[in-house]
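See structure below.
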Amino acid sequence: MKFIVSSSYLLKKLQVIGGVINSSNTMPILDNFLFELTPNVLTISASDLETTVKGALEVESDSEGSIAVPAKLLIEILKTFAEQPLTFIAKDNNTIEISSTHGKYSLAYLDGEEFPKPVSLSEANKVTLLGDVLATAIQKTIFAVGNDDLRPTMSGIFFEFNEEGLTFVATDAHKLVKYQRTDIKATETSEFIMPKKPLNLLKGILAGSETEVTVEYNESNAKFSFDGMEFICRLIDGKYPNYDAVIPKENPNKLTVNRVQFLNSARRVSIFSNKTTHQIRLKIAGSDLQVSAEDIDHSNKADERFACNYQGDDMEIGFNSRFLIEMLNNLDSDEVMLEMSMPNRAGILTPLDGLDPGERVLMLAMPIMLNNN
């Protein structure tokens with residue numbers, strides 16, 4: 001098998017596809033890229049058994065074949081080349097020879113047949129959306145995904161598709177994010193939990209992309225197809241928690257505030273908070289918001305106040321500053337609203353501007369009990 005390909009074109013593809021490869025694999029074959037050659041098309045695959053990524057690229061070739069090439073070594077050598085055509089020839093002695101304008105390099109390869117085959121999705125439902133829409137949905141929710149091995153269902157993003165729109169949810173029990181698109185509909189009602197790793201890869205590739213992504217999914221797997229690439233992922237098994245049950249419905253106390261001002265204040269004040277609880281206190285009365293923190297053990301204290309728009313009863317509520325900062329940081333709006341009912345009930349954070357038509361974001365911040373000293 002023989003093909004000629006541009007060095008930078010190949011490197012770019014390999015870096016994207018290789019994102020799925022683990023640094024330590026139980027099966028040595030997974031340290032390799034699978035190269036499947038047909039006339040003028042090279043299909044490259046990489047896998048960690050849970051997720052398989054495939055990409056097709058144009059090459060100059062009239063031969064066919066299938067080999068597994070060491071991923072790390074190949075990417076390392078390609079990074080050293082200036083843009084030029086490279087010739088790859090698979091020899092009978094299980095080495096592949098790469099010829100550049102300056103020299104020849106040989107790598108040992110394995111039989112392509114040893115590479116695990118990706119699953120095929122039978123009876124799959126399908127929905128199509130813009131790449132950037134999917135990337136935004138992932139970006140807005142993935143920071144809230146949990147890392148608790150005892151609760152595997154919360155270690156991914158919950159996808160809920162129906163005729164009313166698409167909903168993406170992530171929670172780690174301290175914070176929750178619900179991102180909706182009512183401008184994109186699915187014909188069938190379905191739900192599944194996508195693991196974090198392939199979503200991070202997709203987010204990086206699709207940010208700002210105007211390309212169409214086709215999402216196919218059944219009970220156990222999902223496939224994302226775009227621009228000659230395929231991501232085939234095993235879904236997280238289990239039932240997602242009933243997130244709607246924890247979103248308080250009656251929230252008469254509504255605080256409207258400049259997001260950047262609130263974020264900067266929380267950042268500054270949190271430096272003085274207790275290093276275990278990270279607690280900051282919001283005290284709201286009239287049009288006055290007071291943000292404070294205290295670390296009694298080290299006699300550290302901070303107190304800031306600024307004007308806000310508030311409708312509701314005077315209130316004091318405590319939040320973990322790390323979670324609050326993370327949520328404010330993941331919004332793009334100028335103004336945000338924090339809706340609350342009582343100091344021991346979750347607060348709802350929503351952006352008041354900067355959204356596309358049909359786009360909705362709701363974030364839930366669990367309070368922490370104030371030690372009124």
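Residues: numbered from 1 along the sequence shown. For the numbers below, each heavy atom of this structure counts, side chains included, while hydrogens, waters and symmetry mates do not. Remember, it's a predicted structure, so these values are computed and weren't measured experimentally.
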Relative to each other, are the rings of F168 and F159 parallel, tilted or perpendicular (30° and 60° limits)? perpendicular
Kindly assign one of parallel, tilted or perpendicular to the pair F158 and Y240, based on the angle between their ring planes and the thresholds 30° and 60°.
parallel
Practice item. Kindly say whether T51 contributes a backbone atom to a donor-acceptor pair with the side chain of D48 at under 3.5 angstrom? Key: yes
**Q.** Minimum side-chain heavy-atom gap L289-Y310 below 4.5 Å
**A.** no
Smallest heavy-atom separation, F319 atom then A365 atom, equals CE2-O, 3.5 Å
Here the pair of heavy atoms bringing R259 nearest to L328 is NH1-O, 2.8 Å
Crowding at CD, E164 (>12 non-hydrogen neighbours, <6.0 Å):
no
So the side-chain hydrogen bond (donor to acceptor under 3.5 Å, both in side chains) pairs with at least one residue in residues 122-143 (sequence neighbours excluded) are K140-D332
Heavy-atom check, side chain of M229 versus side chain of F224, under 4.5 Å | no
Any side-chain donor near an acceptor of the partner, E359 and Y179, under 3.5 Å = yes
Closest heavy-atom pair, I184 versus V133, reported as atoms and distance to 0.1 Å, is CD1-CG1, 3.7 Å
Side-chain contact test, heavy atoms from C-beta onward, threshold under 4.5 Å: evaluate it for T153 versus P241 and give yes or no.
yes
CZ of F161 to OG1 of T167, rounded to nearest 0.5 Å, is 9.0 Å
- prompt: Ignoring hydrogens and geometry, is there a side-chain-to-backbone donor-acceptor pair from N253 to S341 under 3.5 Å?
  reply: yes
N-O pairing of E191 and K239 below 4.0 Å = yes
- prompt: Is there a donor-acceptor contact under 3.5 Å from the side chain of N162 to the main chain of G165?
  reply: yes
Please walk me through it: do D297 and K275 pass salt bridge (charged side-chain N to carboxylate O under 4.0 Å, His left out)? CA-CA 10 Å; D297 301 340; K275 296 298 168 263; over 6 Å; no
Minimal heavy-atom distance between S270 and I280, with the atoms involved, is CA-CG2, 4.0 Å
- Message: Can a side-chain donor-acceptor contact be found between S6 and E83 if the only test is distance below 3.5 angstrom?
- Response: yes
| query | Between the side chain of N200 and the main-chain N/O of K197, is any donor-acceptor distance below 3.5 Å? | reply | no
Please say yes or no: joined through hydrophobic side-chain contacts below 4.5 Å, possibly via intermediate residues, are F3 and I89 part of one cluster?
no
* To do: Decide yes or no for R268 and V291: does some side-chain heavy atom of the first lie under 4.5 Å from some side-chain heavy atom of the second?
  => no
**Message:** Using modelled atom types and a 3.5 Å cut-off, is there a donor and acceptor pairing between side-chain atoms of N218 and backbone atoms of N221?
**Reply:** yes
Scanning both residues in full, the closest heavy-atom pair of E216 with S225 reads OE2-OG, 4.2 Å
side-chain contact (heavy atoms from CB on, under 4.5 Å) for Q84 and S100? Distances and angles first, verdict last. CA-CA 7 Å; Q84 61 183 287; S100 73; 3.3 Å; yes
Taking the side chain as every heavy atom from C-beta outward, state whether E316 and R281 have any atom pair closer than 4.5 Å. yes
Next item on the list: Would you please indicate if the ring centroids of F81 and Y105 are separated by under 6.0 Å?
Entry: yes
Side chains of E335 and N309, heavy atoms from C-beta outward: is any pair under 4.5 Å?
no
What class does the angle between the rings of F323 and H174 fall in, given that below 30° is parallel, 30 to 60° is tilted and above 60° is perpendicular? parallel
Worksheet item: Should the pair K254-E339 be classified as a salt bridge under the 4.0 Å nitrogen-to-oxygen rule?
Response: yes
task = Using the rule that two of Ile, Leu, Val, Met, Phe, Trp, Tyr join whenever any of their side-chain heavy atoms come within less than 4.5 Å, decide whether L73 and I77 are in one cluster.
result = yes
